[in-house]
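Structure below; questions to follow.
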There are 2 protein chains.
Amino acid sequence: MAVSPFFRSQKDRAPAGAAMSGPEAEHRVVQVIVEAIMDHRVAPGARLIERELAIASGASRSAIRNGLMRLAHAGLVELSPNKGASIAMCSPDEARQIFDARIVIETAAVKKLAGTIGEGELERLRAFVEDEREAYERGRMEDARHLSRRFHVLLAEMAGNDVLTGVIRDLINRQPLLSWSRPETEPRFCGNHAHSEIVEAIASRDGERAAHLNMEHLRALERELGAERAAAMQELRSAQAADGPDGNARQADESPVVD
Amino acid sequence: MAVSPFFRSQKDRAPAGAAMSGPEAEHRVVQVIVEAIMDHRVAPGARLIERELAIASGASRSAIRNGLMRLAHAGLVELSPNKGASIAMCSPDEARQIFDARIVIETAAVKKLAGTIGEGELERLRAFVEDEREAYERGRMEDARHLSRRFHVLLAEMAGNDVLTGVIRDLINRQPLLSWSRPETEPRFCGNHAHSEIVEAIASRDGERAAHLNMEHLRALERELGAERAAAMQELRSAQAADGPDGNARQADESPVVD
DNA sequence: CAAGTATAGATTGTTGACAATCGAAACTGG
DNA sequence: CCAGTTTCGATTGTCAACAATCTATACTTG
């Protein structure tokens, strides 16, 4: 392995003078792995070897271990005893459950929001959607995807229930695990227009409509990711047939990034 | 501290001879602490000292540490850096959020259940409620409280969404933290009649009614716990003047299993 | 040649000791 | 007598080495 998919530049590593210990290191490791998953630099199923991560990040193995445990709690990595950690893989059934759960919780959030939101927060929502649109139109796809996901978290936050907000945040963070193809061809981010419609439905105090729009929006996203997933598996299958009997020659060689 | 509130009998400790290492130890530690919270043997805010737990349980400090991290993620203990772990304390606002979250999720579960439940599962629900009633009438209050909480988890399980079931389970496990008075006077467990009514509403495919009944049931429980909490704080305040050491001579013969 | 098996390398899990940090009691000076 | 400071015990956080376990390769044998 020439370079880790997590820590690519020296800048990412700890500053040469500070050894970076403590919860700071752990938090940074978690952050870096989450970002790598978000940007599809690592594929689900990829093994996460503690010592490699420790060397690459400059942190101790203990910090890595704690970080991996935290990520496992969030559902982003799977820990099997004596076998190590790997990026979590979501079965189609799990994917369905995740979207169903999001619909249940976000529906409640949006309905409540339609009844209680103030003018200031409404303006903040509109500004957010505008930022999304701008990022999209300027071709900053990474930012657009990030903001697009963040939008749903923002809705939950505004609804004022920290418990449910935490659940929503975790579920949204797992989204990159649902389709594990790289979004090169076309950016898979929530349609900006849908977000705008939802905000306007909230603005007109029509909770039912806002909830319905959000649900359809999520269902559409689920279908898209399902199609992507199917395409990726199809591609993988044909690649396996062409490669010969050795199916996982891909992992041994370089980074487990699908490119 | 003469004896730990967690590990009181030698039977609770590791079997003499087997050093009990690995994830087994961690899981057992988690189990034991959860049960102690459930039975109100420890009060919210109580400090959890790693070395004490390690000695009392016979597990290593690392296992204790991992267990505490897991409990912290479940919201049962609070971890503050360099200051250690303590049983979590729920503010009144958090309590409200927990119940609101339960209402949101359980409402969805119950509605779905009313539409899809089969005859076999219905029978299982009825048998469960019957077990509850029996435990209550025979004065097995520990079992009754346990079954009473378990009922709501069962509803979530039957709805078929593991993500939401996990959330519900965590939220219900936090219930003993909401009112931290000892349930000596009268068992605070969900009214059995309410559960029966909910099951019958589900049986008649009336999801709206079942959801409404469950919501009112939860609201009533929230009010009860709130009142208990207020009483406990009042009692605590007056007990501060006169020294009142709690006699923890309470014996729990057999603790219910906690998932 | 195939199938099962021994072996070696790599990786995780655990332990105990050490360093960093915190809280509180004792101490000092005004 | 009180405020501030210092010191000390206790507790958490970190680390590196060791033991247990797994995976994959090479090997033996029918």
Side-chain angles (χ1 to χ4, degrees), chain A residues 1-2 4 6 13-15 17-30 33 42 45-73 77-88 243-256, chain B residues 1-2 4 6 14 17-30 33 42 45-73 77-88:
Chain A
M1 167 175 285
S4 155
F6 304 104
R13 288 185 171 82
M20 171 86 62
S21 80
E24 190 181 2
E26 174 188 330
H27 187 267
R28 210 175 58 86
V29 167
V30 169
I33 294 183
V42 287
R47 285 195 60 184
L48 300 173
I49 293 166
E50 296 178 358
R51 208 169 69 85
E52 279 183 13
L53 293 173
I55 294 176
S57 69
S60 71
R61 206 157 73 91
S62 313
I64 301 289
R65 248 181 123 70
N66 289 351
L68 289 178
M69 276 189 65
R70 188 172 301 188
L71 289 167
H73 286 147
V77 318
E78 281 170 355
L79 292 178
S80 28
N82 286 327
K83 290 182 65 176
S86 52
I87 304 289
D243 252 0
D246 188 1
N248 47 1
R250 192 176 277 270
Q251 267 195 340
D253 185 355
E254 213 165 322
S255 59
Chain B
M1 174 178 283
S4 157
F6 304 104
M20 170 88 60
S21 78
E24 189 182 2
E26 174 188 330
H27 187 267
R28 210 175 59 87
V29 167
V30 169
I33 294 182
V42 287
R47 285 195 61 185
L48 301 172
I49 293 165
E50 295 178 357
R51 209 167 71 83
E52 278 184 14
L53 292 174
I55 293 175
S57 70
S60 70
R61 205 156 73 91
S62 313
I64 301 290
R65 253 181 119 70
N66 291 351
L68 289 178
M69 277 188 65
R70 187 174 301 190
L71 289 167
H73 184 263
V77 318
E78 281 170 354
L79 291 178
S80 31
N82 285 327
K83 289 182 67 176
S86 53
I87 305 290

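By convention in this document, chain letters (A, B, ...) are assigned in the order of the sequence lines, proteins followed by strands, and residues within each chain are numbered from 1.
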* **Interatomic distance, A/E52 CD vs C/dT12 C1' [rounded to whole Å]** => 13 Å
* For C/dT14, does either OP1 or OP2 sit under 4.0 Å from a side-chain N or O belonging to B/S62? -> no
* List the atom of B/G67, the atom of B/V30, and the distance in Å for their closest heavy-atom pair. => CA-CG2, 3.6 Å
* Asked: Any side chain to side chain donor-acceptor pair (under 3.5 Å) pairs touching residues 78-88 of chain A, not counting sequence neighbours?
  -> none
* With B/H73 via side-chain contact (heavy atoms from CB on, under 4.5 Å) - residues at least two apart -> A/H73
* Between A/S60 and A/A54, which heavy-atom pair has the shortest distance, and what is it? -> C-CB, 4.2 Å
* To do: Could you check how far CD1 of B/I64 sits from P of D/dG13, rounded to whole Å?
  => 14 Å
* Structure fact -> Taken to the nearest whole Å, CG/A/N66 to P/D/dT14 is 8 Å
* **Presence of A/R65 side-chain N/O under 4.0 Å of C/dG13 phosphate oxygens OP1/OP2** => yes
* Asked: Toward the 5' end of DNA chain D, which comes first, A/R61 or B/G84, by nearest nucleotide?
  -> B/G84
* Indicate, with a heavy-atom threshold strictly under 4.0 Å, whether A/L48 touches base, sugar-phosphate, or nothing. => sugar-phosphate
* **Rounded distance in Å - CD (B/E26) to C1' (C/dT15)** => 16 Å
What protein N or O atoms touch nucleotides 21-23 of chain C N or O atoms at under 3.5 angstrom, if any, and at what distances?
{"from": "C/dG23", "atom 1": "OP1", "to": "B/K83", "atom 2": "NZ", "distance (Å)": "3.2"}

* Structure fact -> salt bridge (Lys or Arg N to Asp or Glu O under 4.0 Å) pairs touching residues 56-69 of chain B, sequence neighbours excluded, are B/E50-B/R61, B/E50-B/R65
* To do: Compare every heavy atom of B/L68 with every heavy atom of B/A85, then report the nearest pair and how far apart it is.
  => CB-CD1, 3.9 Å
* To do: Take atom CD1 of A/I49 and atom C1' of D/dC22, then tell me their distance rounded to the nearest Å.
  => 13 Å
* Asked: How close or far is atom P of D/dT21 from atom CD of A/E50, stated in whole angstroms?
  -> 17 Å
